[in-house]
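What follows is a single structure, written as structure tokens, with notes after it.
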Protein chains: 2
Amino acid sequence: MSVDIKTLAKNLNLSISTISRALRDSYEISDKTKLRVKEMAAKLNYQPNPYASSLRKHKSKTIAVVIPEITNNFFALAINGIEYVAQEKEYHVLIYLTHENIKKEIGFASHLQNGRIDGMLMSISAETNNYDHLIELKKKEVPLVFFDRICEAIESSSITTDDFEGGFNATEHLIQRGCKKIAYLDLSRYLSNSNKRMQGYIAALVKHNISIDERLIMRFTNNIAANEEQIVRVLSGAEKPDGVFASVEKLAIATYNVCQRLNINIPKQLKIISFSNLEISSLLNPSLTTITQPAFEIGKQAALQLFRYLEKKNMMNVHEKIILKSTLIPRGSTAI
Amino acid sequence: MSVDIKTLAKNLNLSISTISRALRDSYEISDKTKLRVKEMAAKLNYQPNPYASSLRKHKSKTIAVVIPEITNNFFALAINGIEYVAQEKEYHVLIYLTHENIKKEIGFASHLQNGRIDGMLMSISAETNNYDHLIELKKKEVPLVFFDRICEAIESSSITTDDFEGGFNATEHLIQRGCKKIAYLDLSRYLSNSNKRMQGYIAALVKHNISIDERLIMRFTNNIAANEEQIVRVLSGAEKPDGVFASVEKLAIATYNVCQRLNINIPKQLKIISFSNLEISSLLNPSLTTITQPAFEIGKQAALQLFRYLEKKNMMNVHEKIILKSTLIPRGSTAI
DNA sequence: TAAATTTACGAAAACGTTTTCGCAAATAAA
DNA sequence: TTTATTTGCGAAAACGTTTTCGTAAATTTA
């Protein structure tokens, strides 16, 4: 069988308590004994059973990351940042994908109250318009940090980007490049970040005395084909826009695809700007003007904040709202 | 405190064994009792402690995915497939990123022998040229399935693509489009899939009576800037190629970047084909000809194979080598 | 030198399950 | 009716740690 603490104890003629303490460098154990124990542990390749330890200590050294999807450069980068911190802290990272489905999100939230994780990092799904499952998580005192798509109804830390400013700048950028009718393409009416971006969009229109046309504020789904059809309808309609501000990358890509199909010239007939973490925006035809979020840093900061909760108990009610800056990079899709 | 099996037992005047059995639908418990127990469990929102259960049963309901990186469309899609299966099986997915670093890979392999996971899915790092850590994992009887980048020195299941054929077809495609001097860009001399692709490359050259120029078989690192400099040197040298076959997406992108900088026209002066899972290959300038792997399916099949190990003990020595087909999609970067 | 303290360790309980063993009561077979 | 079997449940051990409590021996203090 596998070598456990009892095996070490027998081999060294010590009690299991001494072994345990020696391995954890307890002050109660003499240096000589510690050395003996550690040498034997190394020799027998002793691997402590994490579940026995977790059971006893009520600590799992594991965090969960609950996100809508992973095939998305933003979230992939964020996970990268999270995993980076987790490795440093010697923590383990569980991944759960909701696919924008609130039922899955509820399922994860409810199943992860059982001690499997010490804390959770979350970006809520586009469908989520009720927060009972998150409130319940909080009640169970599961440390929770939101990133990017936060839940404002819950008292907790969050890491976001300056979505309002990003939305404002994006829209103003289009206006400055001559756009008069700017469409805002969005995933969901419920998302915190989307709404802030829309507020920025509206503010920019107001500032420049452009009237707000509700028909140009469009919501899309998770279904790519359906989205493209919807875009086809706008772009071939009478009231077609001359500028598009996509709240998320995939809607910009859908627009590119439609323009290719409909032979609409970007940027001559239509200018496009998008929130995006596509590393090859500059290689697109035409290159895509983006507002880029510091995705890796967002993941990293989110994880660091979670560990602040985990490392100090009295931090549980000290919430931080960190807002990182996005960067607008003008490229071909908004050229004059 | 949190409600446990003992609480239920007290509330129902039953023993904890009965509660445990009732919850697990044991035949030893009457239907009436089961109902009573389950109702009470629901009422008190009982959540079984996973670590107590894991400790007792030596099962963690958790698998690990060890991959080089996550900011890579192939691996993101593969994880998507893995997570899909895991959700169905009610398993948990731990993510570990090696960043192509063999030391990290060794660290993960050695730390995950302690029972934390029931099995592992792995795509080995580009640096990995010694397999002792994997052999040790196998010795500890940790079920292990390789995908994409496999370890041929280890007896185990693997899910790959038809890399030889993909490499052959890619190269022949370039030849048919008129290329005479085709460079093969690769990450590492150690990777199983890269080597198969290279074998395909060589076979195609041989078939078409093109001599093999070792200088055109190039290895790159994880460092993007360094890679681009290396590409600059080839593309501005005297013996510059007229075709590039990139074994991985990021090298194709690096080549695109360099061509942009050096003002090299794709496809006129240089044709490019690449293994890639970029969903927007068609939107690049020019659109990129790709050999695309069924990444989601690879992840899914890898997970399914792992669960075959987990569900039947006697399967542990029945290894499967599943090879899925890749698809060559001709686009602008190899147009005549 | 006696008393107090510190050092270094062991015994045993505890964490929350699952499972083995045992055993009455109920039912079926003889 | 007697015996054999099944049904339904409880007591207790077990999983592998950590931690509380206790205590001799060594050391320090008075």
Side-chain angles (χ1 to χ4, degrees), chain A residues 1-38 40-41 44-62 90 92 111-118 140, chain B residues 1-38 40-41 44-62 90 92 111-118 140:
Chain A
M1 261 323 281
S2 144
V3 33
D4 60 4
I5 247 181
K6 216 176 293 176
T7 318
L8 296 182
K10 265 180 201 147
N11 272 285
L12 293 165
N13 262 324
L14 289 169
S15 76
I16 61 168
S17 3
T18 301
I19 306 292
S20 175
R21 281 187 276 239
L23 292 171
R24 323 191 78 247
D25 260 331
S26 162
Y27 68 97
E28 292 181 289
I29 305 297
S30 73
D31 290 347
K32 302 159 214 157
T33 309
K34 280 183 190 172
L35 203 66
R36 286 212 307 141
V37 171
K38 286 175 182 175
M40 182 61 75
L44 302 188
N45 189 26
Y46 165 70
Q47 310 268 19
N49 181 310
Y51 295 134
S53 173
S54 292
L55 175 60
R56 183 57 231 241
K57 298 206 296 182
H58 300 283
K59 280 284 158 215
S60 62
K61 297 215 107 194
T62 306
E90 298 193 303
H92 302 263
H111 280 99
L112 291 171
Q113 295 172 10
N114 56 12
R116 187 180 292 277
I117 56 165
D118 293 346
K140 294 267 178 161
Chain B
M1 263 321 283
S2 145
V3 34
D4 60 4
I5 249 183
K6 217 177 291 176
T7 319
L8 295 183
K10 265 181 201 148
N11 272 285
L12 293 165
N13 262 324
L14 288 169
S15 75
I16 61 167
S17 4
T18 301
I19 305 292
S20 175
R21 282 187 276 238
L23 292 172
R24 323 192 76 248
D25 260 332
S26 161
Y27 68 98
E28 291 180 288
I29 306 297
S30 73
D31 290 347
K32 302 159 216 160
T33 308
K34 280 183 189 172
L35 203 67
R36 287 211 307 143
V37 171
K38 287 176 183 175
M40 182 61 77
L44 301 188
N45 189 26
Y46 165 70
Q47 309 268 21
N49 181 310
Y51 296 134
S53 173
S54 290
L55 175 59
R56 184 57 230 243
K57 297 206 295 182
H58 299 283
K59 279 283 157 215
S60 63
K61 297 214 107 193
T62 305
E90 300 193 301
H92 303 263
H111 280 100
L112 290 171
Q113 295 172 10
N114 57 12
R116 186 180 290 278
I117 57 165
D118 293 346
K140 293 267 178 163

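Residue numbering restarts at 1 for every chain, and letters A, B, ... go by the order of the sequence lines. Computed from heavy atoms alone, side chains included, the values below leave out hydrogens, waters and symmetry copies.
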Looking only at atom types and distance, does a side-chain atom of [X] sit under 3.5 Å from a main-chain N or O of [Y], one as donor and one as acceptor?
| X | Y | answer |
| --- | --- | --- |
| Ser60(B) | Asp118(B) | yes |
| Ser20(B) | Ser17(B) | no |
| Lys34(A) | Ser26(A) | yes |

Legend entry - For DNA chain C, the residues among residues 20-37 of chain B that have a non-hydrogen atom under 4.0 Å from it: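 Contacting residues: Ser20(B), Arg21(B), Arg24(B).
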Legend entry - Rounded (10°) bend between the five-pair end axes of the helix from dT1(C)-dA30(D) to dA30(C)-dT1(D):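 Taking the rotation axis at each end, their angle is 40°.
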Rounded distance in Å - [atom1] ([X]) to [atom2] ([N]):
| X | N | atom1 | atom2 | answer |
| --- | --- | --- | --- | --- |
| Lys59(B) | dG16(C) | NZ | C1' | 20 Å |
| Gln113(B) | dG16(D) | CD | C1' | 18 Å |
| Ile16(A) | dA14(C) | CD1 | C1' | 12 Å |
| Ile19(A) | dA11(C) | CD1 | C1' | 15 Å |

Legend entry - N or O in side chain of Ser15(A) less than 4.0 angstrom from dG10(C) OP1/OP2: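 Yes, such a contact exists.
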Inset, instruction - Scan residues 48-56 of chain B against DNA chain D and write down, sorted by residue number, each residue with any heavy atom closer than 4.0 Å; if none is found, say none. - result: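 Those residues are Leu55(B), Arg56(B).
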To the nearest 0.5 Å, tell me how far [X] [atom1] sits from [Y] [atom2].
| X | Y | atom1 | atom2 | result |
| --- | --- | --- | --- | --- |
| Thr18(B) | Arg36(B) | OG1 | CZ | 10.0 Å |
| Lys10(B) | Ile16(B) | NZ | CD1 | 10.5 Å |
| Arg116(B) | Ser53(A) | CZ | OG | 8.5 Å |
| Leu23(B) | Met40(B) | CG | CE | 12.0 Å |

Inset, instruction - With heavy atoms under 4.0 Å as the rule, sort Asn13(A) into base, sugar-phosphate or nothing. - result: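 Sugar-phosphate only.
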Inset, instruction - Go through the steps to decide whether Asp25(A) and Lys38(A) satisfy the test salt bridge (Lys or Arg N to Asp or Glu O under 4.0 Å), and finish with yes or no. - result: CA-CA 10 Å; Asp25(A) 260 331; Lys38(A) 286 175 182 175; 2.9 Å; yes
Legend entry - Distance-only donor-acceptor test (3.5 Å): side chain Ser17(B), base dA11(D):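 Between dA11(D) and Ser17(B), which were checked side chain against base, a qualifying N/O pair under 3.5 Å is present.
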